[in-house]
Number of protein chains: 2
Amino acid sequence: MKDRNPVPPPHPARDVTEHVGYRLKRSAAALRGAMDKALREHGLTVPQYACLELLDEQPGLSNAELARGAFVTRQSMNVVLRGLQEAGLVARPSTTDHGRALPAHLTEEGRDRLDAARNAVYAIERQMIDAIPPRRLTALLADLDRMTEALGG
Amino acid sequence: MKDRNPVPPPHPARDVTEHVGYRLKRSAAALRGAMDKALREHGLTVPQYACLELLDEQPGLSNAELARGAFVTRQSMNVVLRGLQEAGLVARPSTTDHGRALPAHLTEEGRDRLDAARNAVYAIERQMIDAIPPRRLTALLADLDRMTEALGG
DNA sequence: GCTCGTATGTCAAAATACTGACATGAAAGA
DNA sequence: TCTTTCATGTCAGTATTTTGACATACGAGC
């Protein structure tokens, strides 16, 4: 019978639910759930919304760039992009004169749909912000960034 | 031609990458990626690891309880649980004398595998913790909790 | 010119997760 | 007791995401 190998926890915690990773995942899951629900009324999924938002800010992004911006693989974003094109929200040329990357951009309808959905998403963002002391918002963002960078994200 | 409907952002931000939701998702994605990579060497997926960790701490949890603890649906956890049972890491009675919930528990091999994988996961946890000022760790956890609760998570 | 390395778009297949649905078991209330 | 309500386990189907692979296109270095 082998002995168990008790690993000292990274910080004082009585159980896994007190670990940073667990809390982070829980918050992300709550956010995802709230966004799923809110965006469903606008006929959009979370990756679709993320794609529209990125394109609104940076028209001409390629599929690979959108994938990195939305934290999914190129292949997943490709599927998302096809759906958005089929829905008439995004347009993309079939060829390009330089390189392989095909620059995507929003259509008029895409912008309208994004504007409508943004209200719902911003309401969620506000819920999160209002839940924490205003003084700590910048610190929170900075800490999230530091963790992300430490993980090579 | 319709006018666009500019929605005032929830807090001063030049672009979406400065929104709380975006940062949160990015951190969670980085964590997920790091855990995926680390756990692959131990032949485990993230949901599988989460399941083992929950069962180590609370033996006898049912499928539904594990699902809630790992932030997935009952159906998804059912697949995970089947895989772990097939791999001999988890055991579950086929019947029970009271109720429908079937209490799961780790096997000897399951505990060994968990102990091995925990080292890798704790190293990641430590990377995150070391990246932020020690004084802010408690505040960070509290803020994450407040956001989660605000979102009904 | 040529090769090597890197980045991109896309196809195919598998893995993973979800929604919808149904039957079972237990607790609470009329 | 009977009914209602709720939680659970599980099946089926669908949707989503990932891994693996390949061809293409550019730039750096020789």
Side-chain angles (χ1 to χ4, degrees), chain A residues 25 28-37 39-41 43-51 54-55 58 60-87 90-104, chain B residues 25 28-41 43-51 54-55 58 60-87 90-105:
Chain A
K25 183 171 182 177
L31 171 60
R32 176 65 185 244
M35 287 187 67
D36 270 331
K37 182 181 175 185
L39 288 172
R40 192 171 308 145
E41 302 170 11
L44 291 175
T45 65
V46 171
Q48 283 176 337
Y49 168 77
C51 184
L54 287 167
L55 282 178
Q58 304 177 52
L61 285 182
S62 70
N63 174 48
E65 290 169 326
L66 288 167
R68 283 191 290 269
F71 316 114
V72 296
T73 60
R74 294 200 306 279
Q75 294 87 333
S76 295
M77 182 52 74
N78 202 320
V79 176
V80 172
L81 219 38
R82 283 169 184 271
L84 290 173
Q85 287 183 76
E86 204 161 323
V90 165
R92 205 163 49 140
S94 53
T95 61
T96 178
D97 54 348
H98 181 271
R100 283 200 91 193
L102 303 175
Chain B
K25 185 170 181 178
L31 172 60
R32 175 64 186 246
M35 287 186 67
D36 270 331
K37 181 181 174 186
L39 288 173
R40 193 170 307 141
E41 302 170 11
L44 290 175
T45 66
V46 170
Q48 284 176 336
Y49 168 77
C51 184
L54 287 168
L55 281 178
Q58 303 177 53
L61 286 182
S62 69
N63 174 49
E65 291 169 326
L66 288 168
R68 283 191 290 268
F71 316 113
V72 295
T73 61
R74 294 200 305 279
Q75 294 87 334
S76 295
M77 182 52 73
N78 202 320
V79 175
V80 172
L81 218 39
R82 284 170 184 271
L84 290 173
Q85 287 182 76
E86 204 161 323
V90 164
R92 204 162 48 139
S94 53
T95 62
T96 177
D97 54 349
H98 181 270
R100 283 201 92 194
L102 303 175
H105 61 87

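Because only heavy atoms are used, hydrogens play no part in the values below, and waters and symmetry mates are left out as well, while side chains stay in. Within every chain, numbering begins at 1; the chains are lettered A, B, ... in the order of the sequence lines, protein sequences first and strands thereafter.
- Regarding B:Met77, its CE atom lies at a distance of 13 Å from the P atom of D:dT10, rounded to whole Å.
- The CG atom of A:Leu61 sits 6.0 Å away from atom CG of A:Leu55, with the distance rounded to the nearest 0.5 Å.
- Computed from coordinates, the A:Arg74 CZ to D:dA25 C1' distance equals 14 Å when rounded to whole Å.
- Applying the 4.0 Å criterion to OP1 and OP2 of D:dC11, one finds that B:Arg82 has a side-chain N or O inside that range.
- If you take CG of A:Asp36 and C1' of C:dC18, they are 10 Å apart, rounded to a whole angstrom.
- Between A:Arg40 and B:Thr45, the residue whose closest nucleotide on DNA chain C is further toward the 5' end is B:Thr45.
- The listed nucleotides are D:dT10, C:dG9, C:dA27; the one nearest the side chain of B:Asn63 is D:dT10.
- Regarding A:Arg32, its CZ atom lies at a distance of 10 Å from the P atom of D:dT16, rounded to whole Å.
- Residue B:Leu61 contributes atom CG, which lies 17 Å from atom P of D:dA7 at whole-angstrom precision.
- Between B:Ser76 and C:dT16 there is no side-chain N or O to OP1 or OP2 distance below 4.0 Å.
- Rounding to the nearest 0.5 angstrom, the gap separating the CG atom in A:Leu44 from the CE atom in A:Met35 is 10.0 Å.
- Of the side-chain N and O atoms in A:Arg100, none sit less than 4.0 angstrom from OP1 or OP2 of D:dC22.
- Residue B:Thr73 places none of its side-chain N or O atoms closer than 4.0 Å to OP1 or OP2 of C:dA17.
- Rounded to an integer number of Å, the gap from CG of B:Leu44 to C1' of C:dA15 is 16 Å.
- Between C:dA27 and B:His98, a contact under 4.0 Å exists linking OP1 or OP2 to a side-chain N or O.
- Per the geometry, CZ belonging to B:Arg92 stands 8 Å off C1' belonging to D:dG9, to the nearest Å.
- Salt-bridge formation is not detected for the pair A:Asp36/A:Arg40: no Lys NZ or Arg NE/NH1/NH2 atom is positioned less than 4.0 Å from an Asp or Glu carboxylate oxygen.
- A distance of 6.5 Å separates OG of A:Ser62 from CZ of A:Arg68, quoted to the nearest 0.5 Å.
- Atom CG of A:Asn78 is separated from atom C1' of C:dA12 by 13 Å (rounded to the nearest Å).
- Nearest-nucleotide assignment on DNA chain C puts the 5′-proximal partner with B:Val79, out of B:Val79 and B:Gln75.
- Each of A:Val80 and B:Ala101 was assigned the nucleotide of DNA chain D with the nearest heavy atom; the assignment lying further toward the 5' end belongs to B:Ala101.
- Side chains of B:Arg82 and B:Asn78: a donor on one and an acceptor on the other come within 3.5 Å.
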